[in-house]
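Report on one structure; see the data block that follows.
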2 protein chains.
Amino acid sequence: MVHADAAKFAPDVTKEQAYEQVLDQAEGLFFEQRNWVCNLANTASLLWHAYKSLPAPSNQVNWAGFYTLDPQSRPGKPQLILGPFSGKVACQTIPFGRGVCGTAAATATTQVVGDVDAFPGHIACDGDSRSEIVVPIVVVPSAGSGGGEGRVVAIIDVDCTAPDGFDDVDRLWLEKLARLVAESCDWP
Amino acid sequence: MVHADAAKFAPDVTKEQAYEQVLDQAEGLFFEQRNWVCNLANTASLLWHAYKSLPAPSNQVNWAGFYTLDPQSRPGKPQLILGPFSGKVACQTIPFGRGVCGTAAATATTQVVGDVDAFPGHIACDGDSRSEIVVPIVVVPSAGSGGGEGRVVAIIDVDCTAPDGFDDVDRLWLEKLARLVAESCDWP
């Protein structure tokens, strides 16, 4: 298989169909491969090419990628660190609770922000970004290991140069993708 | 600082000037940050946007990124695993010695390939790629630690849809970048 074909999206697909292809292709790429860097790198590429195949505002996405829990976080001060992405150069670290990414990580809840400039503490890595969706990737301990609280290991972050670039369809499918990624990788 | 500005290249720069900016920006981004995933992710983005600012054939680069030494390699069978990149979905693992990337890793020498289809054992991750440059990232033990052999920890891989997309300028500057990256990151 020529791997690049996984990032080919037909020009007339709906947003639902594009996300469905992302999930199908991701699941195939994760088969017998649990390295988180490798899997997030390919997933960022899949997301980027999916958005670019869609009509506006989705094709105005200017950043799609991941931040993960920084192993160098100080005790009691968790922070995110930049992971694989497609787009322009980005901020390296983000404290939990700061901006859209930090809020999603600290609260373990998806943030859909129609106007990033109105979001308290927004971190402007790219002044062109107008809206953003951030979805936490939560690893839930298996019942066999005693269960317990979920752990935020990473976030999916997507930025758009159009306001209100994301809706409930994005939320629904990116949350599905987050669950797939959470269970398909070995996390540090 | 708005980080995305680091990926802005003037439209009339020469290839030397674009690479010089990549190195300058990378050095700035690596300041007080030695996380290899974070640093390689931003470097892949810098390279991608540098190539896109240049005339042909450089602007026909269709993949720019990294493979690293796979921690899951079997004893005596080292392999590369996909790291951060810009471009379409790519092959996850490559054995040392196989194709252009595997040859650069096994021999610790840069490979400049004008026609990938003529390279023995070429792995076609993307059928559109026509030429390729692969530069090993070698960590050299410090004299203080007793010196010794260099260790290939990763490779820089850049693909182009034009034949003969890379020349000695690319080799010179990507080898400089490889040395900077080697000494600026903590490798697993």
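Throughout, protein chains are lettered first and strands after them, A, B, ... in sequence-line order, and every chain is numbered starting at 1.
Residues of residues 44-61 of chain B lying under 4.5 angstrom from chain A, judged on non-hydrogen atoms, are B/S45, B/L46, B/H49 in numerical order.
By the rule that hydrophobic residues join a cluster once side-chain heavy atoms approach within less than 4.5 Å of another member, A/V138 and A/V153 end up as members of separate clusters. Two different hydrophobic clusters hold A/V152 and A/W187 under the rule that ILVMFWY side chains link at heavy-atom gaps under 4.5 Å. Follow the hydrophobic side-chain contacts under 4.5 Å out from A/V158 and you never reach A/V134; the two are in separate clusters. In the hydrophobic cluster analysis, where Ile, Leu, Val, Met, Phe, Trp and Tyr join through side-chain heavy atoms closer than 4.5 angstrom, B/F119 is grouped apart from B/F166.
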Could you pull out all donor-acceptor pairs under 3.5 Å where a side-chain atom in residues 78-100 of chain B meets a protein atom, sequence neighbours excluded?
| unit_1 | atom_1 | unit_2 | atom_2 | d |
| --- | --- | --- | --- | --- |
| B/Q79 | NE2 | B/D70 | OD2 | 2.8 |
| B/Q92 | OE1 | A/H3 | NE2 | 3.1 |
| B/Q92 | NE2 | A/L29 | O | 2.7 |

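Few gaps surround CD on A/E16; more than 12 heavy atoms of other groups in view lie less than 6.0 Å from it.
When each of B/T68, B/L40, B/V37 is checked for a side-chain contact (heavy atoms from CB on, under 4.5 Å) with A/V37, only B/V37 meets the rule.
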